[in-house]
Amino acid sequence: MRVTSSLILASSSTLVLLSGCPETPVDPCAGVTCATGSTCEMGTCVVTPVCNPTQPRWAPGTLAFTEETSAWGLDGVEGVRLSAIDYDADGWTDLFVRRGSGADDYGAMRSIWLMRNRGDGTFEDVTEASGIVARRSGDPGGRPVDVHAWGDVDNDGDLDVYLGVSTVDLTMTGGETSEIMLQNADHTFSHIDEASEVRLAGLTDSVAGASFVDYDLDGDLDLWTPHHGYANSSGNFVFRPAHFYQNEGGALFVERTSDVGLTTRGWSNLDDINNALAHARAWSANACDLNDDGLPELLAASYGRAPNHLWRATGAAGAVSFENASVASGYAYDDDLVWQDDQFARCYCAANPMAEDCAGVPPSMLDCSSINWDHDTGRQPFRLGGNSGATMCGDVDNDGDIDLLTSEIAHWWAGQGSDHAELMVNTGVSEIVFDRPGRDSMGIAIPHDDPGGWNEGIMTGAIFDFDADGWADLYFGMSDYPGNHGVLFHQDSALQFTEVPREEGIDHHRSHGIAVADFDRDGDLDVVVGHSRARCGTPDDCYPTMQVRLFENQLGANFVSLRLEGTTANRSAIGARVTVSAGGVTQTHDVEGGHGHYGAQDDLVQHFGLGTACEAEVTIRWPNSTLETQSVHLVAGHRYRVVQGMPPALDDPPAPSVMP
C-alpha cells in the first residue's frame, strides 16, 4: 500500500530542452537530496509512510510487554514518583525518579535519579552532574524533594523543573525550600532568584502536587500547587490552602491565589467542608481543559475523605479567574452516600441502638473491640468520599472531551459509600459535569477473593494506548497492601474493557508510580513502574527493594508523534490540544504540565496510535490569546516537530549520544 503526504520537505524540479536536438527526458529528482524518511517524487521530497495496513489490535494470548530493566541500565534505581521527560531536548525521552523525600548523597543514600536516555537502549545517571538537586546553601549532597513538575518557564527552549518540599520540619530539610531550577545551555541546572515567592521562604510549605499551566494564555507558564497540610506541635492536623503563582515573564513568579478566585476556608464549618469550600487535603494536582473553551481547569485530588477540588476557568485570555465547581461537577465525591455498610458504623450502632438512624443497621463483620467511627461526621457527604491519590486527564471514549481517571485507596470495611478508583465520563456540557457509570459496567472491576479482608491501594494510574489501535487503555497502580498488583485494561470498544493477563502485560506487585513514553523510539509506548514497600506484612509480596522496572512494548504500531513548540504560545506548548483523525476515529490529547501523586508527568511528545490507518488529519489548537489553530496532513511511522505557525518537519530519531 502506498500513501503519500502533503508534507513537502524540499523541492527541485527542472526541465531542460536542448534546441535542435531530440527531447531528452530529464530525471526531475536528479540532484535532489531528501531527508531520511522521505523520497523524491517528480522533483519533490515527500515523506514515506512506514505502515502495516493489517496491524492487529491486542487480543488475549498476545504478549504485549517484556521486562527489560537490566538491559536499560536501570538496576539500582528505586522510586515511586516517576516522570517521562526529554530534559535535554536531544530527541530521546529521559526518566526522573524519586524514592522519597530524603536528601541525596549520590551514593548509598539515594532519593533522586535523573536518568538520561542515551538513545542506544540504555540510561545513564546524570543526577549529580546536572546539579538538579544541588543545595542552595552550597553544602555537599542533594536537597530533599517531595514534588516535581517540568516546563520551560523562561521560554528559552529547554525544560526547567519545579521541585517542591515540605518545610514543616526545617531540621529535616537543612533549611532548603521549594525551588524552580532553571536549565542552562550545558544542561545543568541553577536555582531561581532567591526572592522568588515560589520558595515560600519563612512560611510553612506542605505542597502535595504541582502543575505548570498557562492559565491566562499570555505565553508564560504559571504554577498550580495544592497543599496537603500537616500535624502541628500539639498533634492537631492543620489544613493548608493551595497556592497559585503567576509567571510575569522571565520566570518571575508572583503568588496570585486569591486574585484569581482560588480562595478556600478553614475546616470549621460542616457546610463548607461538604460543599468543597474548605481547603483541600491534596495528594496531587492536575490541569486540563474540561469544557473545550481553551482555558484550563485546575484539579486537586484529596486524601482522607476530603472533597476533591475542581476549579472551572472563566473569562477571556488575560482576564481569567476560577470558580469552584467541585460538587456541581460530580468530582468532589460520588453520589453514593450510604454509610450503613461501614463496619465501624455497624459496631457503633450495635453499641448505641437508639442513636439517630441506627435502627435496622445490620451487625458488623468486625469483633468491635474498637470503634473507629464518629456518628456526627461519619454520615456527612464529605466523609463518604474517597482517599484520592491522583487524577489523570484523557479523552478515553474518543468523543472530543476530556474524561478523568481517579485513583483511590479503598478498604472493604469502609463499604461502598467510600469512593473507589474509577473512570469519570465527561458529559460535554460547558458547566462541566461527569457521569460515573461504575467499574462493573465498563469491565474494569477488580475482584477480591476475600470479601472481608481486602484493601485497594490504588494511588497512581495512567491513560495510554498500549496497542496503538486508536483507543486509550487504562492502568491502575495498586500498592501498599498485601495482594495488590498493577492492573492493565484494554479498551475493546467505547468504554468497554478487558483485563490484560499479567503474563502478557505488566506483571508487577505493589505497583506505585508509572511513566509512559516511547523510550526506544520504535513507535509503540513503553512503561516504567515503581514499587512500594509499605506494609510488607503477611503474605509478604514486596520485592527486596523499591527498584523501578521497565516494560518494553512488543506489539509494534502505526503511529504519528508530535513534538510541539510554541512561539506566541508557551514554548513547551503545555495546554495545546491536538486532535488526530484516522481510520474513522478522532483522538484528542492535551499537552500536560505535571500531575499525579506528589509529582508525575507524561512525555510532552504527543503519541497517537493509528490502528490500521497509514495517514492522519491533525489539528493543533495552540494555547495563545487567539487560540490559533493549525491543521496538517501526516503519514504514519514518523515523529514530527511542529513549530507554531510553521509547516511540520520530520523529527525522526537522532543518533545515540553521550553527555558533552
F253 side chain near I180 side chain, heavy-atom distance below 4.5 Å
yes
Quick one: does R312's side chain have a donor or acceptor within less than 3.5 Å of a partner on E431's backbone?
yes
Minimum heavy-atom separation for L299 to P226, with atom names?
O-CG, 4.2 Å
Do N558 and N52 have side chains that get closer than 4.5 Å, going by heavy atoms?
yes
Would you sort out whether F244 and T225 count as a side-chain contact (heavy atoms from CB on, under 4.5 Å), showing the intermediate values?
CA-CA 6 Å; F244 187 84; T225 61; over 6 Å; no
Residues H595 and S284: side-chain donor-acceptor under 3.5 angstrom:
no
Verify the distance criterion only: is there a donor paired with an acceptor across the side chains of Q587 and D395 at less than 3.5 Å?
no
Can you tell whether the side chains of R621 and D289 come within less than 4.0 Å, N to carboxylate O?
yes
Any side-chain to backbone donor/acceptor pair from D152 onto R571? Under 3.5 Å, distance only.
no
Flag, side chain of N426 to backbone of D401, donor-acceptor distance under 3.5 Å:
no
Can you measure from CD (E422) to CG (L474) and round to the nearest 0.5 angstrom?
12.0 Å
Sub-4.5 Å side-chain heavy-atom contact between V605 and R639:
yes
Donor-acceptor pair between Y475 and T460 side chains, under 3.5 angstrom
no
Shortest non-hydrogen contact from N155 to G219?
ND2-O, 2.9 Å
Sequence neighbours excluded, which residues qualify as ring-ring contact (aromatic ring centres under 6.0 Å, His included) partners of W72?
F123
R549 and H508: side-chain donor and acceptor closer than 3.5 Å?
yes
Would you call D590 and R577 a salt bridge, taking side-chain N to carboxylate O under 4.0 Å as the test?
yes
For the residue pair D492 and H490, establish whether any side-chain heavy-atom pair is separated by less than 4.5 Å.
yes
Have Q644 and E628 got a donor and an acceptor in their side chains that come within less than 3.5 Å?
yes
Using a distance-only test with no angle check, is there a side-chain donor-acceptor pair under 3.5 angstrom linking W622 and Q630?
yes
Using a distance-only test with no angle check, is there a side-chain donor-acceptor pair under 3.5 angstrom linking D86 and T93?
no
So if I apply the side chain to side chain donor-acceptor pair (under 3.5 Å) rule between S561 and each of H607, H638, R641, R521, which one comes out positive?
H607
Any E592 side-chain heavy atom under 4.5 Å of C288 side chain
no
Quick one: do the T406 and Y331 side chains pair a donor with an acceptor below 3.5 Å?
no
Can a side-chain donor-acceptor contact be found between S388 and N308 if the only test is distance below 3.5 angstrom?
yes
Is any side-chain heavy atom of D465 closer than 4.5 Å to a side-chain heavy atom of D467?
yes
